[in-house]
2 protein chains.
Amino acid sequence: MADVFRALDDETRRLILDELVARNGQTLFEICGVLVSRHGVSSTRQAISQHLAVLEEAGLVVTERRGRSKFHYFDGGPLTAITRRWPATGRDPS
Amino acid sequence: MADVFRALDDETRRLILDELVARNGQTLFEICGVLVSRHGVSSTRQAISQHLAVLEEAGLVVTERRGRSKFHYFDGGPLTAITRRWPATGRDPS
DNA sequence: AGGATAGGCAAGCGACTACTTGCCTATCAA
DNA sequence: TTGATAGGCAAGTAGTCGCTTGCCTATCCT
């Protein structure tokens, strides 16, 4: 569970999740391209690869290898643990 | 929104939220005590105070001062932004 | 086979973070 | 007023994180 929060604590990784939700099953190079074009993220391919590794380790991204390409899919399953641990409602200062 | 993820990316801060959910409106010293007794957290009072400041800056904790005491209340409002940004459902690897 | 494409591994560096230490302010009780 | 309680401020330090750089492996196409 700590991996999920660590993975979410980075703007680039959050943007990657956004792009995977918008278009699922992208490759590393596709993600690099869309991060540069739609957001001003100017990171190297290795940086994005490491981000994807963190997201995959957290279970937020599932990969599927076909040939020399690796497709990345979003998985929001681990997110349910957050609102299951703490109520997402307001406070109660009596 | 980045403050929320940064605040959640720490086990001690997550434990603090747990304890505030279990018993709302605790003071700094009470939180220090319960962190030591119920979990093996051996941090100084200042460390916990800094954690509470991070949680408060993220809006996850709301404080209320009365006299020389400061009471801390959990607020799960910022958590709704998480599942509103990404679907908390499973993947779809077609 | 040879080049091009898609991705992986690992070391090094700068910045940030959690934590401690030391001292200070404010409130309450005797 | 004096002491004790509850908390705040700031500097220093060790460890972690994001990123780059350089090189390597695997797959596809001609």
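Convention: sequence-line order gives letters A, B, ...; per-chain numbering from 1.
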Between residues 1-23 of chain A and DNA chain C, which residues have a heavy-atom gap below 4.0 Å? none
Decide yes or no, distance alone: a donor-acceptor N/O pair under 3.5 angstrom between the base of dT20(C) and the side-chain of Gln50(B). yes
Quick check for you: among dG7(D), dG8(C), dC19(D), whose closest atom lies nearest to any side-chain atom of His51(A)? dC19(D)
Look for any protein N or O under 3.5 Å of an N or O in nucleotides 23-30 of chain D and output each such pair with its distance, or none.
residue, atom, partner, partner atom, Å
dT27(D), O2, Arg68(A), NH1, 3.3

Kindly indicate whether the side chain of Leu17(B), heavy atoms from C-beta on, has any atom under 4.5 Å from the side chain of Val61(B). yes
Rounded interatomic separation in angstrom, taking CD1 from Ile48(B) and C1' from dC19(C): 10 Å
On DNA chain C, nearest-nucleotide positions of Val54(B) versus Lys70(A): which is more 5'? Lys70(A)
His72(B) has an atom NE2; how far is it from atom C1' of dG8(D), in whole Å? 12 Å
What is the distance, rounded to the nearest whole Å, between atom CG of Leu28(A) and atom C1' of dT5(C)? 12 Å
Would the distance check show the side chain of Arg6(B) and the main-chain N or O of Ala58(B) forming a donor-acceptor pair, the cut-off being under 3.5 Å? no
Which residues in residues 30-44 of chain A have a heavy atom closer than 4.0 Å to any atom of DNA chain C? none
Just wondering, do Val62(B) and Phe74(B) contact through their side chains at under 4.5 Å, heavy atoms? no
Report yes if the side chains of Ile31(A) and Leu20(A) come closer than 4.5 Å at any heavy-atom pair, otherwise no. yes
Gap between atoms CD and P, on Glu57(B) and dG8(D) respectively (whole Å): 14 Å
Keeping Arg14(B) on the side-chain end and Leu8(B) on the backbone end, is there a donor-acceptor pair under 3.5 Å? yes
Looking at Glu30(A) and Arg23(A), is there a salt bridge between them, counting it only when a charged N and a carboxylate O are closer than 4.0 Å? yes
Main-chain N/O of Phe71(A) paired to Gln26(A) side chain as donor or acceptor, under 3.5 Å: no
Using atom CZ of Phe29(B) as one end and atom C1' of dA4(D) as the other, report the distance to the nearest whole Å. 11 Å
Can you tell me if CZ on Arg38(B) sees more than 12 non-hydrogen neighbours from other groups inside 6.0 Å? no
Between Glu11(A) and Arg13(A), is there a side-chain N and carboxylate O pair less than 4.0 Å apart? no
